[in-house]
Structures are given as structure tokens and as C-alpha cells.
Protein chains: 2
Amino acid sequence: MKKTITPTTTIERLPIYYRCLQRLNKMNVDIISSQELGDKIGIPSTQVRKDLSYYGEFGRRGVGYEVPVLLKHLRKILGLDQVWEVALVGAGNLGHALVNYGGFRKLGLKIDYVFDADPNKIGKKFAGLKIHDVSKLQEVVKENGIKVGIIVVPAEHAQSIADDLIDAGVEALWNFAPTHLKVPQEIELKDEDLSIGLISLAYHLSQD
Amino acid sequence: MKKTITPTTTIERLPIYYRCLQRLNKMNVDIISSQELGDKIGIPSTQVRKDLSYYGEFGRRGVGYEVPVLLKHLRKILGLDQVWEVALVGAGNLGHALVNYGGFRKLGLKIDYVFDADPNKIGKKFAGLKIHDVSKLQEVVKENGIKVGIIVVPAEHAQSIADDLIDAGVEALWNFAPTHLKVPQEIELKDEDLSIGLISLAYHLSQD
DNA sequence: TAGATTGTTAATCGATTAACAATC
DNA sequence: TAGATTGTTAATCGATTAACAATC
């Protein structure tokens with residue numbers, strides 16, 4: 001394994017490889033070449049090999065990659081062999097969709113705690129989880145060693161929720177609020193701004 | 001205006017500028033410098049200027065950018081001065097969240113038609129919209145000149161829905177199904193794979 | 001051995017950033 | 001004029017891709 005910095009673009013492709021391999025594994029495909037794998041996800045074979053090379057040598061020359069072996073390596077690399085406690089703040093439509101999202105379960109990820117500020121929601125069930133009072137957020141995060149927070153609250157509350165989560169020990173944030181959050185450098189922040197996708201389609205259509 | 005190709009990264013930042021300027025405009029901020037704008041969204045001033053320069057000269061040297069003027073230009077550039085008919089296929093949780101998503105309304109975008117295959121859902125109301133039978137998809141798309149399709153169906157159905165939409169005249173697809181869609185080159189495709197965000201957080205946490 | 005495919009180096013391509021002349 | 005900030009060029013940085021030796 002080399003001590004080079006892995007490009008962020010490579011990291012973003014790892015989950016895509018992982019899911020594709022999961023499907024192949026379920027179909028009892030045993031060996032796959034970088035060419036075939038690349039074709040399935042729409043990237044060149046050379047990029048597949050380069051990406052994997054940042055983490056080790058997982059294939060056999062002249063043969064290809066053993067699906068179960070590569071899968072196991074990727075699971076480890078992605079941290080999916082560990083259990084991450086995840087808290088979601090904001091029991092709205094989008095929060096509901098996320099808690100129920102089938103994609104997570106398949107990956108061994110799940111959301112464990114849901115919080116909201118609305119007294120009418122607190123205590124109610126939400127996709128099988130009890131909605132906690134957001135005033136208890138820090139307490140619950142600390143007690144349960146929650147490391148990942150998902151922010152699905154209105155933009156104007158996002159920063160203060162982020163501050164609270166970080167204060168209580170969360171190390172990674174997934175932010176759906178359409179606003180720029182200020183967080184310390186050591187906190188992992190992933191912005192997921194849903195309106196950008198639709199706007200960029202409108203942009204491309206209006207260019208023609 | 002130069003005849004250079006605009007980087008895709010620039011295009012993805014345009015909606016962020018737009019939303020930030022909308023907020024500034026509402027706060028009656030009249031003039032903003034590239035430095036201030038960049039600070040607000042977490043990018044260097046030089047990138048703001050460079051990005052905007054692909055489309056024209058919107059600022060005044062020594063002064064900055066007039067918020068309403070820049071906003072107007074961006075609205076035009078992003079195609080938000082036009083009305084786009086949008087159809088969503090898949091009346092599940094995530095579809096519901098998208099139809100209700102406040103971020104779109106603020107931008108003058110909205111979802112107009114919802115489709116599903118479930119007989120129990122067809123005809124029912126869904127966030128204020130009637131759920132149409134997916135078997136009528138092509139018909140409705142053609143009749144109403146729908147140009148944008150949002151795919152929120154299970155992965156195994158995504159490709160055939162995409163084919164149907166394209167066949168009926170849709171030119172841009174926003175795909176939430178965790179699968180690689182094959183579409184003709186002239187079709188604008190934006191993938192929005194929600195599990196990637198969460199996995200990449202797990203990855204970063206497990207690196208430490 | 002002959003054919004196939006990996007892992008890696010080097011070349012290319014594209015995006016960001018520093019620097020500064022233009023100009024308000 | 002002096003101070004500020006744009007628009008743009010050129011330098012830098014980072015990611016992709018082509019090419020090929022290594023090797024199964």
C-alpha cells in the first residue's frame with residue numbers, strides 16, 4: 001500500500017464499486033475484470049484499477065478481481081465492518097425518507113435516533129423510531145457515543161443544530177439544509193443540497 | 001462573453017451563488033464584493049470572479065456586484081426565468097419529500113405530475129397532487145411537453161422508466177435510484193445517490 | 001508459451017488560485 | 001488622486017487517461 005493521498009473523487013467512487021460488487025456477488029459472479037466493472041458503472045477500466053491501487057493490490061494479473069475478496073476489502077476500507085451510531089435531526093418528509101431509505105440497510109447502515117423540536121411530534125413514532133425532544137440532543141449523543149449526525153432542519157436552524165452536535169461529540173455531519181455550515185476543520189462535513197440537482201438540469205436545458 | 005467551455009464545477013456553484021444572492025436581496029443588501037460572497041459560501045473570492053466571468057462582466061471595479069443585477073443575470077443563466085414542466089415517478093417517501101421540498105418553490109421550480117404503479121396509490125392525493133397511473137406516463141409527458149423527469153423508483157425499475165420518459169420526449173433526468181442508467185448522449189442525466197453521502201462519512205471516520 | 005489483465009508510470013487534461021493591470 | 005475591487009492571464013495543483021512492463 002502506497003502512502004499517497006487518495007483523491008476525493010476516488011473516495012466518492014468507492015461506494016459505487018461496493019454496491020455494484022454486492023449485486024454481482026448476489027448473482028454469484030465470481031471474477032470480474034476492471035473493464036467489466038467499469039462498463040457497469042460508466043467509467044474507464046483504467047480508473048477502476050487506479051482507484052483500487054490506492055488501497056492495495058486486490059486483483060490477479062491476467063485474471064481479474066475475485067468479487068468476494070474485493071468486496072471484503074472494500075467493506076473494510078469504507079468502514080462498513082464497524083457499527084456507526086447515527087442521529088437524525090428534523091422529523092419532516094425528507095427525514096422520513098432517509099430513515100426508511102432501503103439503500104442504507106443494504107449497506108449495513110441505519111439511523112438510530114430521531115429528534116425534532118415540535119411538541120406534537122415528540123414521543124410519536126417515526127418510521128419505527130421514537131422521536132426525541134431536540135432539547136435532549138446533546139445528552140443522548142453523549143450517552144450513546146453517536147458519531148454521525150444528519151441535519152434535515154430548516155436552513156435557519158441548521159448552524160445551531162450543527163454546533164450542538166459537534167459540541168456533544170459528533171465527528172461527521174451530513175447536511176441537507178441549503179446553507180453553508182461553519183464547522184471546525186476536523187469535523188467531516190458532507191453537504192447534500194437537493195435543489196442544486198434540479199437547477200443544474202434547468203441550466204442545461206436552457207443552454208440548448 | 002467568451003466562447004470558452006464552462007467547467008462543470010462552475011455550473012454546480014451557480015445555484016449556490018443564486019440562493020445566497022436571493023437571501024442577500026431579501027435582506028436588502030445592495031452591493032456585495034466577490035470576497036464577501038465567497039466568504040458566505042466558503043470559497044475564495046477569485047473563484048467567484050472566475051465563475052461569473054464565464055458568463056459576462058456583471059460587477060463594477062472598485063465597487064463590487066449589485067445584488068439585484070447579478071441575481072437577474074443568474075436567473076437568466078440558470079434558466080429559472082422559464083417554466084419547466086416536471087414529472088416525478090415513484091410516489092414513495094422520498095418522492096413525497098421532493099414534491100414538498102421548500103427549496104424548489106423558492107427557486108420558482110415545482111413538480112407538476114406524480115406517477116406510480118401501485119393501484120392503491122393511483123388516484124389518491126400526494127402532497128396536493130393527484131397520483132397518475134404510470135401506464136399513462138408517456139401519454140401525459142407528450143401531451144404536456146414535460147421536459148424534466150425525476151426517477152424515485154426502486155433500482156430494478158429505473159432503467160425502463162428512464163427509457164419510457166426519454167421515448168416520450170423528456171430531455172433531462174434526475175435519478176435517485178442507486179443504479180447506473182444508460183441514456184443517449186443528448187439527454188441530461190443527474191445522479192443523486194443518497195447512500196454515497198453516508199458511506200463517505202463512514203469512510204472518513206474509519207480513516208482516523 | 002500465448003493471451004489476458006493487472007498495477008503503475010508518465011502524459012494529458014481540467015480546475016483552482018495567485019497575481020496584477022484595468023478601472024471605478 | 002488614493003483606495004478598492006473587478007476581470008483575466010499565467011502558474012499551480014489535482015485528477016484522468018494512455019501506455020506498457022509485470023505477471024498470472
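Residue numbers start from 1 in every chain, and the chains themselves are labelled A, B, ... in the order their sequence lines are given, proteins ahead of strands.
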Tabulate protein N/O versus nucleotide N/O from nucleotides 21-24 of chain D, keeping only pairs under 3.5 Å, one per line.
residue: D:dA22; atom: N3; partner: A:Arg61; partner atom: NH1; Å: 3.0
residue: D:dC24; atom: O4'; partner: A:Arg61; partner atom: O; Å: 3.1

(message) What I'd like to find out is whether the side chain of B:Val148 reaches to under 4.5 Å of the side chain of B:Leu109, using heavy atoms alone.
(response) no
(message) Would you say B:Tyr65 places a side-chain N or O within less than 4.0 Å of OP1 or OP2 belonging to D:dG7?
(response) yes
(request) Rounded to the nearest angstrom, tell me the gap between atom CG in B:Leu52 and atom P in D:dG7. (result) 8 Å
(message) Main chain of B:Asp164, side chain of B:Gln138: is a donor-acceptor contact present, judged purely on distance under 3.5 Å?
(response) yes
(message) Is it the case that the side chain of B:Gln35 and the backbone of B:Ser45 share a donor-acceptor pair, with hydrogens and angles ignored and the cut-off at 3.5 Å?
(response) no
(request) Check the distance between C:dT6's C1' and A:Tyr54's OH and give it to me in whole angstrom. (result) 16 Å
(message) Under the salt bridge (Lys or Arg N to Asp or Glu O under 4.0 Å) definition, can you give me all pairs with a residue in residues 152-163 of chain A, not counting sequence neighbours?
(response) none
(message) Whole angstroms only, please: what is the CG-P distance between B:Asp51 and C:dT16?
(response) 7 Å
(message) When you measure from the side chain of A:Lys121 to the backbone of A:Ala91, do you find a donor-acceptor pair of N or O atoms at a distance under 3.5 Å?
(response) yes
Atom pairs under 3.5 Å: protein N/O with N/O of nucleotides 18-20 of chain C:
residue: C:dA18; atom: N7; partner: B:Thr46; partner atom: OG1; Å: 3.4

(message) Using a 6.0 Å cut-off, check whether atom NZ of A:Lys190 has over 12 heavy atoms from anything other than its own residue.
(response) yes
(message) Does B:Lys76 have more than 12 heavy atoms from other residues, nucleotides or ligands lying within 6.0 Å of its NZ?
(response) no
(request) Send over the distance from A:His73 NE2 to C:dG7 P, rounded to a whole Å. (result) 10 Å
(message) Just to be sure I follow the notation: if a pair is Watson-Crick (purine N1 to pyrimidine N3 plus N6-O4 or O6-N4) or a G-U wobble (N1-O2 and O6-N3), each under 3.5 Å, what dot-bracket string does DNA chain C give, with | for pairs to another strand?
(response) ..||||||||||||||||||||||
Report each atom pair, protein N/O against N/O of nucleotides 12-15 of chain D, whose distance is under 3.5 angstrom.
residue: D:dA15; atom: O3'; partner: A:Thr9; partner atom: OG1; Å: 3.4

(message) Minimum heavy-atom separation for A:His180 and A:Gln159, please, with both atom names.
(response) O-OE1, 4.1 Å
(message) Can a donor-acceptor pair be found, under 3.5 Å and without considering hydrogens, that links the side chain of B:Trp84 to the backbone of A:Leu205?
(response) no
(message) Under 3.5 Å, is there a donor on one side chain and an acceptor on the other for A:Ser53 and A:Arg49?
(response) no
(request) Evaluate the side-chain proximity of B:Tyr18 to B:Leu80: yes if any heavy-atom separation is below 4.5 Å, no if none is. (result) yes
(request) Kindly indicate whether the side chain of B:Leu107, heavy atoms from C-beta on, has any atom under 4.5 Å from the side chain of B:Gln22. (result) yes
(request) Give a yes or no on whether the backbone of B:Val86 and the side-chain of B:Asp112 come within a donor-acceptor separation of less than 3.5 Å. (result) yes
(request) Check whether any side-chain N or O of B:Glu36 sits under 3.5 Å from a backbone N or O of B:Ser33 as a donor-acceptor pair, and report yes or no. (result) yes
(request) Please answer whether the main-chain N or O of A:Asp118 pairs with a side-chain N or O of A:Asp116 as donor and acceptor at a distance below 3.5 Å. (result) yes
(request) Could you list by number each residue of residues 30-40 of chain A showing a heavy-atom separation from DNA chain C of less than 4.0 Å, or answer none if no residue does? (result) A:Ser33, A:Ser34
